[in-house]
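Numbered from 1 within each chain, the chains take letters A, B, ... in sequence-line order.
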Amino acid sequence: METFGLKVAVKGGGCSGLEYVLDIVEGPQDDDKIIEHHGLELYVPKKSYIFLAGTELDFSDGLNGKGFVFTNPNATRTCGCGDSFSA
Amino acid sequence: MPSSLENFDVGYDALSTGVAILDRSHMGRVVASGGDALDLINRFSTNETTGLADGDVVVTVLTSQIGRVLELITVVRRSATESILMTGLGAEDTVVEWLDRYNFGEDCNFAVSTATSAQITISGPKATDLGINLPEPGRYVTAEIDGVQVEIVAISGPSLASYEVLIDEKSQARNIWDGLVAAGGVPTNEDTFDVLRVEQGLSARSSEISNEANPLEAGLLPYVDFDKGCYMGQEVIARLDTYDKLQRRLVGLLSESGIALSVDSSLKAGDREVGRITSAVTSRSLGRPIAMAYVRKAHTEPGTVLESVNGPVIVVELPFAAAVVPGSR
């Protein structure tokens, strides 16, 4: 049976230099850190993990917009739209 | 390559009315390879670098989170997977480190090629007299000089009418230099080039263009695309532009006393420091010392007299050639 998981990563971009990446992928890459949570596997690439350690990932369905919300203790600055951060 | 001369007047005349050549091999060059390289640069700089065609040349500014200039780079797209990045003197390692830092496994690689390649600038209104294939502004072409294939880059934007000859193999630079001299190119040097640059009010790396300035105050507005969307520092730069928040401006200065002006010296209005000189030369066309300086906006009205360490100076608009110069000869 195929193993799918949620890739949680960062990439360079946005007003503050780093953006979050979420993607459903087929299995982890070699250097991914694998985190199991509520039966779901999260794959975090090694270089991204440095910027994501301690991050809380939530899903908001409030009136002001639905979507994933990252609370990242490593973020020293976020841009106006909240999608980009620097660490 | 030889810098045999240097007779200032000969070089100046060639740059302003003929065709001059200048060894720029010391400037930084980086080979950017991989299908994602220009997309990554696009996310970290002020101008649009995606959607370019092969042979396109675009100047863009890498900026920090707070919208300051990290480096001005010229992107020369050879193909979908390879470009040359031209940087300022000694800036290539900084550029590579910066881009590598934000490369999270994308298909791109940045390799410094400064030491193994060479670069010659052709400048002056009669560059076509050299009889070589020259590109339109914003493009590059391949050409043959003395049997050696080179790339010739024409930058689109505010600069002296110049072409950059990129030579992959440094060992072939001497032949190409000799070929350009034989075709009528007059060897000149950076000091002479700098006099024309300042007369035309053009910003230079490590003078006006530094990490203490943002692209708008450094005269790099033509290289800022306000419609391209997010890049690092974009919010800050957009705010500066929208709300006219620039605190200081780049202006020209004329020495009233005729004493040469000093780079990096301060300018005062009364007891208050209101600016700093970034470039200073003795202008041949104006016959007196001139400078470029960052000055606080309230003191940039043309005709304002400020005090420098070398005596009083008069503020004028840039470029000097277009300014109404009080008492000019």
Seminar exercise, completed: Looking only at heavy atoms, the pair that brings Q234(B) and C15(A) closest together is OE1-SG, 3.1 Å
Step through the shown structure and confirm whether more than 12 heavy atoms of other residues, nucleotides or ligands are within 6.0 Å of [atom1] on [X].
| X | atom1 | value |
| --- | --- | --- |
| K245(B) | NZ | no |
| E136(B) | CD | no |
| Y243(B) | OH | no |

Exercise. Is any residue of residues 35-46 of chain B within less than 4.5 Å of chain A by heavy atoms, and which ones?
Worked result: R43(B), F44(B)
Seminar exercise, completed: Within residues 70-84 of chain B, the residues sitting under 4.5 Å from chain A by heavy atom, in sequence order, are none
For this session: Taking the side chain as every heavy atom from C-beta outward, state whether F104(B) and V21(A) have any atom pair closer than 4.5 Å.
Result: no
Exercise. Under a 4.5 Å heavy-atom cutoff, which of S86(A), G14(A), S16(A) has the most pairs with chain B?
Worked result: G14(A)
Under 3.5 Å, which donor-acceptor pairs link side chains of residues 32-45 of chain A to any protein atom two or more places apart or in another chain?
from, atom 1, to, atom 2, distance (Å)
D32(A), OD2, Q29(A), N, 2.9
E41(A), OE1, Y43(A), OH, 2.7

Seminar exercise, completed: Contact list (residues 46-57 of chain A to chain B, heavy-atom gap under 4.5 Å, by number) returns K47(A), S48(A), F51(A)
Exercise. How many angstroms lie between CE in M232(B) and CG in L18(A), if you round to the nearest 0.5 Å?
Worked result: 6.5 Å
